[in-house]
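Structure first, then comments.
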Amino acid sequence: MVRVRFAPSPTGSLHIGGARTALFNWLHAKSQGGHFILRIEDTDRERSTPESEADILEGLSWLGITWDEFYRQSDRIGIYREYLKKLIDDDKAYYCFCSKEDLEAERQALVAQGFPPKYSGRCRALSKEEVVKRLNENKEHVIRFKVPEREVVFKDLIRGQVKFDASLSGDVIIAKNLDQPLYNFAVTVDDFLMGITHVIRGEEHLSNTPKQILLAEAMGMNAPQFAHLPLILNTDRSKMSKRMSDVALHDYRNKGYLPQAIVNFISFLGWHPREDKDMMSLDQITSEFELNRVQKGGAIFNVDKLDWLNAHYINSLTPEELAGMAKPFMPEGYELTIAMAASVKGRIKTLAEIQGIVDLFFKLPAYDTELLKWKDMPLSQVTSNLESALTVLNKIGESDYNQANLEKVLSPLAPEGNRGELFWPLRVALSGSKASPGPFEIMEVLGKQESLSRIEKAITKAR
RNA sequence: GGUCCCGUCGUCUAACGGCUAGGACGUCGCCCUUUCACGGCGGCAAUACGGGUUCGAUUCCCGUCGGGACUACCA
């Protein structure tokens with residue numbers, strides 16, 4: 001069975017790139033009836049926070065990404081300790097007592113001579129007795145893996161065959177001490193123990209792969225298959241970053257993007273269905289997802305397209321659904337009614353935009369009298385047109401104040417071929433603005449009393 | 001600098017070695033229309049470059065150029 005994992009470190013909010021990695025893992029698993037494992041990689045005690053972990057869990061759930069198993073690396077320190085000891089006992093890893101300062105000097109010297117910086121392996125030569133002695137003296141140390149000096153070749157499911165010369169990397173540090181394992185090591189142990197079949201992650205991890213393969217080999221473990229996803233990019237084609245755009249998933253949630261839109265959008269960053277489509281639900285994507293259709297090149301995060309998708313998803317909501325979802329975006333004390341939601345639905349790209357539009361339902365914005373004029377009609381005509389509308393509107397009962405009915409009774413009053421002479425002043429009278437929903441929609445929302453009072457106000461202004 | 005990865009319209013992308021290089025976003029124009037928005041129709045716009053291989057390269061190979069990632073006692 002396919003078993004994948006998403007392994008974020010809780011050192012910040014869930015990043016858009018992380019969300020996409022999680023999604024692709026989930027899609028790969030679910031499209032084949034496999035399991036998705038969520039593993040919190042919090043081995044870095046200083047940088048990991050519970051808030052970050054909460055943000056990650058919340059973000060995934062919001063997108064509809066569910067997990068079948070959950071682990072936290074900080075709960076597994078004992079496990080790593082055993083494997084670390086074994087590696088040392090097998091002489092495949094060793095204690096290193098070099099100071100950071102010495103290492104840095106060594107490194108500088110190599111770089112200055114034009115050599116790639118790489119640990120000399122000095123502490124490999126320490127005798128067992130010497131190591132024990134220094135350990136007993138509580139000397140500062142780390143644990144290094146004896147990296148075999150050879151070429152590592154692996155087949156990446158997206159990129160094909162990839163080769164690295166491991167002899168260039170030197171002996172990597174795999175733990176600060178027996179109780180503080182580091183990334184490459186902990187990942188290797190967990191991927192094996194958790195029966196991970198496919199490691200699907202961002203391209204930034206490509207160069208970690210040979211280390212993990214060698215480590216797995218040293219511990220007698222089978223390595224999983226690897227697939228490295230193309231990066232999500234800033235507009236200048238560098239890796240998407242805070243500096244240039246919002247990167248946290250919750251930023252998009254807070255701005256009023258729908259999870260359907262985000263899922264649809266990020267799925268298409270590096271992946272595309274066989275049959276050309278641009279709007280797909282999570283279920284549809286799941287049934288059509290194929291890892292081997294994933295793109296190799298990075299993809300720029302194009303907000304315009306996201307906006308377009310989001311507008312579509314908002315528009316396809318029922319007014320009831322929209323009214324519910326938009327609640328958190330309304331100004332304090334204002335309630336979004338179903339009628340308002342209906343009139344606003346097709347006009348917004350994000351839920352946050354609802355504020356600006358819905359405003360006119362609660363209070364008439366101040367407007368310039370000239371705005372009431374349609375093209376070059378005189379103000380006197382504005383008044384007379386509004387007055388005749390007023391007479392008709394007065395006769396309609398409160399309960400008949402709905403769009404269809406209003407349009408039916410008002411339409412005959414509008415001059416054929418120049419309907420704007422009635423509808424434009426009417427709409428401005430009701431909305432006080434240049435761009436707004438139509439007059440009938442507004443009247444339905446406002447109700448009889450408020451509608452009439454706004455029209456009367458306009459007549460007074462124009463007189 | 002070193003290692004690795006990548007390269008189709010501005011952007012996301014499609015095209016088992018066989019089209020006039022297709023779609024979508026954006027943009028521009030037109031239509032609808034009481035403005036805006038929505039919607040409909042249409043236009044502009046790409047295989048980085050140079051060599052091979054082949055009857056035939058966007059596709060395969062090599063080189064050049066360009067971009068990116070990594071280069072921590074972070075993940």
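Quick note on labels: first sequence line is chain A, next is B, and so on, each numbered from 1. Just so it is clear, the values below take in all heavy atoms, side chains as well, and ignore hydrogens, waters and symmetry mates.
Residue A/H15 is out of contact with every strand shown, counting any heavy-atom pair closer than 4.0 Å. Residue A/R39 is out of contact with every strand shown, counting any heavy-atom pair closer than 4.0 Å. At a threshold of 4.0 angstrom between heavy atoms, the contacts of A/G270 are confined to the sugar-phosphate backbone, with no base atom among them. Looking at heavy-atom distances under 4.0 Å, A/K100 makes contact with a base. Residue contacts shown for A/R419 are limited to sugar-phosphate atoms, with no base heavy atom under 4.0 Å away. Within the 4.0 angstrom heavy-atom criterion, only backbone atoms of the sugar-phosphate kind lie near A/R159; the bases stay farther away. At the heavy-atom level, A/H205 lies under 4.0 Å from base atoms of the strands shown. Residue A/T43 is classed as a sugar-phosphate contact, given heavy-atom separations below 4.0 Å to backbone atoms only. Within the nucleic acid shown, A/Y183 comes within 4.0 Å of at least one base atom, counting heavy atoms only. The residue A/P439 sits close to a base: some heavy atom pair falls under 4.0 Å.
The nearest whole Å value for the distance from the NZ atom in A/K118 to the C1' atom in B/A72 is 18 Å. Atom pair A/M240:CE and B/G68:P shows a separation of 17 Å (rounding to whole Å applied). Taking atom CZ on A/R45 and atom P on B/A72, their separation rounds to 23 Å, with Å as the unit. Spacing between atom CZ of A/F185 and atom P of B/A75 amounts to 13 Å, rounded to whole angstrom units.
For the side-chain contact (heavy atoms from CB on, under 4.5 Å) with A/Y183, the lone residue among A/N208, A/T43, A/I173, A/I174 that qualifies is A/N208. Considering A/R124, A/R144, A/K146, A/R122 as possible partners of A/D171, the one that fulfils the side chain to side chain donor-acceptor pair (under 3.5 Å) test is A/R124.
Among B/C38, B/A14, B/C73, the nucleotide with an atom closest to any side-chain atom of A/K176 is B/C73. In this structure, of B/A75, B/A14, B/C70, it is B/A75 that holds the atom nearest to the side chain of A/N208. The listed nucleotides are B/G68, B/G22, B/C74; the one nearest the side chain of A/D276 is B/G22. Between B/A72, B/G67, B/A75, one nucleotide has an atom nearer to the side chain of A/R107 than all others, and that is B/A72. Proximity note for A/E203 (side chain, C-beta onward) versus B/U34, B/A75, B/G68: the nearest is B/G68. Distance from the side chain of A/I173 is smallest to B/C73 among B/C73, B/C12, B/U35. Listed candidates were B/U35, B/C12, B/C70. Nearest to the side chain of A/E204 is B/C70.
Close to B/U3, at under 4.0 Å from its OP1 or OP2, lies no side-chain N or O of A/K163. Phosphate contact (OP1/OP2 of B/U8, side-chain N/O of A/Q295, threshold under 4.0 Å): absent.
A salt bridge links A/E149 to A/K118: at least one charged side-chain nitrogen sits closer than 4.0 Å to a carboxylate oxygen. Here A/R39 does not pair with A/E69 in a salt bridge; the nearest charged N to carboxylate O distance is not below 4.0 Å.
Closest of all the heavy-atom pairs between A/V189 and A/M221 is CA-CE, 4.2 Å.
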Using the salt bridge (Lys or Arg N to Asp or Glu O under 4.0 Å) rule, take A/E140 and A/K100 through it: C-alpha gap first, then chi angles, then the decisive distance, then the call.
CA-CA 10 Å; A/E140 285 279 318; A/K100 279 184 185 173; over 6 Å; no
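Between A/H272 and A/R47, the residue whose closest nucleotide on RNA chain B is further toward the 5' end is A/H272.
Nucleotide B/G1 forms a pair with B/U71, judged by Watson-Crick or G-U wobble geometry with both contacts under 3.5 Å.
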